[in-house]
Amino acid sequence: MKRILFVDDESKILDGIRRMMYAERNRWDIRFALGGEAALRACEESSFDLVVSDMRMPGMDGATLLGHIRDRYPATARLILSGYSESALARRAVPVAHRFLAKPCSASELRSTIEQMCSLQDVLSAPEIRRLVGTVGELPSLSSSYARLTEAVSDPDSSITQVAEIIEEDIAMSAKVLQLVNSAFFGLALKVTSLSASVSYLGMETIKNLALASEAFRVLVPDKRIPHGVCEAMQQNAHRTAAIAGAIPMEPKIREVAVVATLLHDIGSLFLASAMPGEFCSVLSHATERGCKPFEAEEELLGTSHAEIGAYLLGLWGLPNLAVEAIAHHHHPTRIPHSGFDSTVAVYVADLLADELEAHPRGSIGLEIEESDRACLETLGVLPRYAEFRELALQACN
Ligand SMILES: [Fe+2]
Ligand SMILES: [Fe+2]
């Protein structure tokens with residue numbers, strides 16, 4: 001049973017949440033704390049899987065509370081509730097909260113966000129992943145420029161110029177980031193040649209995530225035993241999938257997450273190719289023998305797949321929670337609830353289309369969807385629009 005702590009400075013609001021969540025009492029153990037101090041005392045007494053806190057509270061506010069929780073109980077998931085008028089305040093919570101929800105939110109919105117967060121927590125703490133990643137020893141580490149960039153982006157006082165300067169100092173990183181910014185998936189009308197313009201067009205967070213994408217492909221170098229060209233093929237596939245995510249209609253906020261997540265969705269495969277080449281090769285031959293997809297072969301042989309492994313790694317590297325979630329579930333999107341066309345659905349659809357176009361480049365015969373995918377698209381409510389998405393994908397990739 002998941003243990004969830006709700007924190008607010010108003011007892012009336014906590015009473016409202018208590019009523020809202022009454023139906024969940026058999027699957028969630030829900031506790032309440034009146035204010036930040038009380039919340040920290042509750043965490044000292046017993047551990048929680050998730051803390052849901054109001055942002056604006058007298059004394060210790062939500063960002064400060066979640067900062068303490070992050071430092072003392074890193075495994076606890078952190079969700080912040082904030083009002084629309086508090087965006088400046090909420091920016092302080094960006095580095096400490098996994099997810100944000102705007103107040104007032106409906107019971108179903110709150111419930112599905114909690115479900116999504118709990119399920120990601122389960123996926124990332126699965127013993128199979130711990131065991132696999134544990135055998136590798138030290139994980140590849142990212143450059144010091146990326147570390148400085150992360151720090152600057154999470155500081156509410158840093159300016160666009162400061163962020164751009166950090167990237168500019170790293171020549172390889174700045175070339176790669178500019179290349180990504182100018183790729184078709186962002187649909188910018190003009191070619192952007194400076195990093196400060198990139199940061200002001202796409203925002204600090206997106207630019208940081210693009211830097212992470214370039215870093216990930218730089219540090220994960222396939223082992224010598226892996227056939228030449230595997231890494232290039234993976235990069236091409238990542239770009240094609242991102243281009244498709246850029247072409248499918250969706251809300252801009254969702255697209256921002258989806259483009260970054262598509263660029264990185266199969267990074268777990270690259271990790272296997274670099275850190276566990278033996279397993280990588282067995283997966284490929286198993287998939288060929290059985291005529292199944294590589295992720296299915298991974299699940300059979302390793303008990304998990306590149307989706308969860310990649311999500312785990314990217315979570316450690318500081319990719320935002322929504323993108324990590326989209327990556328973790330990109331082969332099983334129906335295992336979490338969705339309220340519409342969110343970034344997880346977007347990544348799943350773009351990946352499916354990219355694979356289809358790869359198999360049938362002209363798109364003429366690629367009209368067969370596998371039964372399991374058809375059922376999945378149906379459940380997600382996107383089957384009626386799939387033909388339209390395929391047309392857009394074809395245009396984007398040709
Ligand atoms: Fe995948
Ligand atoms: Fe893929």
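When a ligand or atom number is given, it counts from 1 through the structure's own listing order.
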Taking only residues two or more places apart in sequence or in another chain, which ones pass side chain to side chain contact (heavy atoms under 4.5 Å, CB included) with I166? R148, L149, A152
For H330, run the side-chain hydrogen bond (donor to acceptor under 3.5 Å, both in side chains) check against T241, D266, T344 and tell me which one passes. D266
Is there side-chain contact between D355 and N237, with at least one heavy-atom pair below 4.5 Å? yes
salt_bridge(R31, D29) N-O dist < 4.0 Å: yes
Those residues at least two apart in sequence (or on a different chain) that pass side chain to side chain contact (heavy atoms under 4.5 Å, CB included) with D373 are K293, Y348, L352, I369, E370
Within-2.8 Å protein N/O/S contacts of the Fe ion (ligand 2): H265 NE2, D266 OD2, D351 OD1
How would you list, by chain and number, every residue that makes a side chain to side chain contact (heavy atoms under 4.5 Å, CB included) with S46, sequence neighbours excluded? R3, F48
